[in-house]
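What follows is a short report on a single structure.
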Amino acid sequence: MNANETLIELPSDLCPQKMPHHVAVIMDGNGRWAKRRGLPRIVGHQRGVDTLKELLRCCDDWGIKVLTAYAFSTENWGRPSHEVEFLLTLFERVLRRELAEMMRKNVRIRFLGDLKALPPSLQAEIAHAMEETRNNQGIQFNVATNYGSRQEIVQACKQIALKVKRGEIDVEDIDEQLFENHLYTQGISPPDLLIRTSGEMRLSNFLLWQMAYSEIYVTPTLWPDFDREEFHRALLSYQQRERRFGRIKEDD
Ligand code: FPP
């Protein structure tokens, strides 16, 4: 996607200069969407994948550079085993099926989380997709999988403590930048906008450090129904916000 195409595709009431660089999504409500239709929860997850694909396409069309989706939390292991198995197999299938399209669209995919605990076949598919798309220059697509923010922070502390113990760094070297370099999101700028579907007003252990100053948009719409119009509404709301990062306005 080049800059001209982006401007053509962008709805006229959105300001191209005020677009978020990084959008994060908590894709909530797949189960409820299915239940309301008398369908098994897994059908909601299948539809959820289509929604995510469409959002990725839309971000690309509208010039958003980074999209991060919360696909599987460290707490999701507590779901019934058949649902966990379904989700992990679904991720594997989606990766295999979509890799060619991601290459075509120049998408760079990255997985965030404790990947070692995932089934070996999924780990292999993840490694393959990350390696294949590594040099792509288009949108960066991050998928948080077996991700938990507290776990991420603890593992960063352990890595840093080990470096101090080995004499590789001094305690005085520890600052916010060094800490960020030990998070799964190393090298990724923080989300400007977090969207959560299905009405819950929670962060649910997602990017707690990274979202210190993110704008939050919550919609009652269930994830499978989150479409371009909904995303457009979220972006309009974002563009009306005044981001102060703890400061005050010049004329206040
Ligand atoms: C929550 O709905 C949603 C999930 C557990 C995420 C499912 C993952 C995807 C749709 C995308 C996977 C993508 C890739 C690229 C591998 P819920 O079950 O919590 O809904 P409920 O709150 O209504 O029960």
Side-chain angles (χ1 to χ4, degrees), residues 11 14 20 22-59 62 64 66-91 93-94 98 111-113 141-152 185 190-241:
L14 285 175
H22 181 174
V23 173
V25 277
I26 300 181
M27 310 177 285
D28 201 9
N30 292 346
R32 271 165 284 176
W33 182 92
K35 201 167 163 214
R36 281 181 197 173
R37 287 163 177 76
L39 298 166
R41 292 175 55 83
I42 57 172
V43 179
H45 295 314
Q46 281 165 330
R47 285 296 291 263
V49 171
D50 298 336
T51 302
L52 183 57
K53 270 175 63 183
E54 180 54 17
L55 179 64
L56 182 64
R57 237 178 262 134
C58 189
C59 286
W62 292 354
I64 289 162
V66 187
L67 174 67
T68 300
Y70 202 5
F72 192 87
S73 74
T74 44
E75 288 73 33
N76 284 155
W77 295 106
R79 293 187 175 207
S81 59
H82 64 88
E83 184 169 337
V84 170
E85 262 165 49
F86 177 85
L87 278 169
L88 299 178
T89 313
L90 177 72
F91 297 169
R93 275 208 318 270
V94 169
E98 301 299 332
F111 281 76
L112 314 174
F141 178 36
N142 305 309
V143 186
T145 309
N146 196 24
Y147 176 87
S149 206
R150 290 179 175 176
Q151 184 272 339
E152 176 187 39
T185 49
D192 300 293
L193 170 64
L194 167 72
I195 298 172
R196 180 166 188 152
T197 54
S198 98
E200 248 74 64
M201 304 277 186
R202 287 192 287 275
L203 289 179
S204 298
N205 204 13
F206 188 41
L207 302 174
L208 300 181
W209 169 284
Q210 296 86 340
M211 293 208 290
Y213 286 103
S214 304
E215 296 295 327
I216 301 178
Y217 179 86
V218 177
T219 169
T221 300
L222 304 178
W223 176 251
D225 291 327
F226 187 84
D227 57 13
R228 272 186 190 233
E229 279 84 76
E230 284 278 350
F231 187 42
H232 181 186
R233 268 196 285 281
L235 292 171
L236 278 174
S237 162
Y238 170 80
Q239 294 200 338
Q240 278 151 17
R241 317 269 179 101

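Taking the six-membered ring where tryptophan is involved, the planes of H232 and W62 are perpendicular, since the angle between them exceeds 60° and thus also 30°. Ring-plane geometry between F206 and Y70 is classed as parallel, the angle between the planes falling under 30 degrees on a 0 to 90 degree scale with a further cut at 60.
At distances below 3.5 Å, not a single donor-acceptor pair connects side-chain atoms of R47 with backbone N or O atoms of D225. Distance alone, capped at 3.5 Å, is enough to place a donor-acceptor pair between the T197 side chain and the D28 backbone. The closest donor-acceptor contact from the side chain of Y147 to the backbone of E152 lies at 3.5 Å or more, if one exists at all.
Looking only at atom types and distance, the side chain of R233 has no donor-acceptor partner in the side chain of S237 under 3.5 Å away. Between the side chains of Q151 and T74, not a single donor N or O lies within less than 3.5 Å of an accepting N or O.
Atom CG of L222 and atom NZ of K35 lie 12.0 Å apart (nearest 0.5 Å). Taking CZ of F141 as the reference point, atom SG of C59 lies at 9.5 Å (rounded to 0.5 Å).
The environment of CZ in R150 is sparse: at most 12 heavy-atom neighbours from other residues, nucleotides or ligands sit within 6.0 Å.
Minimum heavy-atom separation, G48 to N30: CA-OD1, 4.0 Å. Nearest heavy atoms, S149 versus Q210: OG-OE1, 4.4 Å. The heavy-atom pair separating A71 from M27 by the smallest distance is CA-CE, 3.8 Å. When every heavy atom of A24 is checked against every heavy atom of L207, the shortest pair comes out as CB-CD1, 4.3 Å. A pairwise comparison of heavy atoms in F226 and T221 identifies N-CG2, 3.9 Å as the closest pair. When all heavy atoms are compared, the tightest approach of E230 to T219 is OE1-OG1, 3.4 Å.
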Run the side-chain contact (heavy atoms from CB on, under 4.5 Å) check on T185 and N142 step by step: do they pass?
-> CA-CA 9 Å; T185 49; N142 305 309; over 6 Å; no

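Contact of the V25 side chain with the L55 side chain is registered, since non-hydrogen atoms from C-beta on lie closer than 4.5 Å.
A salt bridge does not link E75 to R202: none of the charged side-chain nitrogens sits closer than 4.0 Å to a carboxylate oxygen.
Stacking of R36 on the aromatic ring of W33 is not recorded, the 6.0 Å distance cut-off and the 45° axial limit not both being met.
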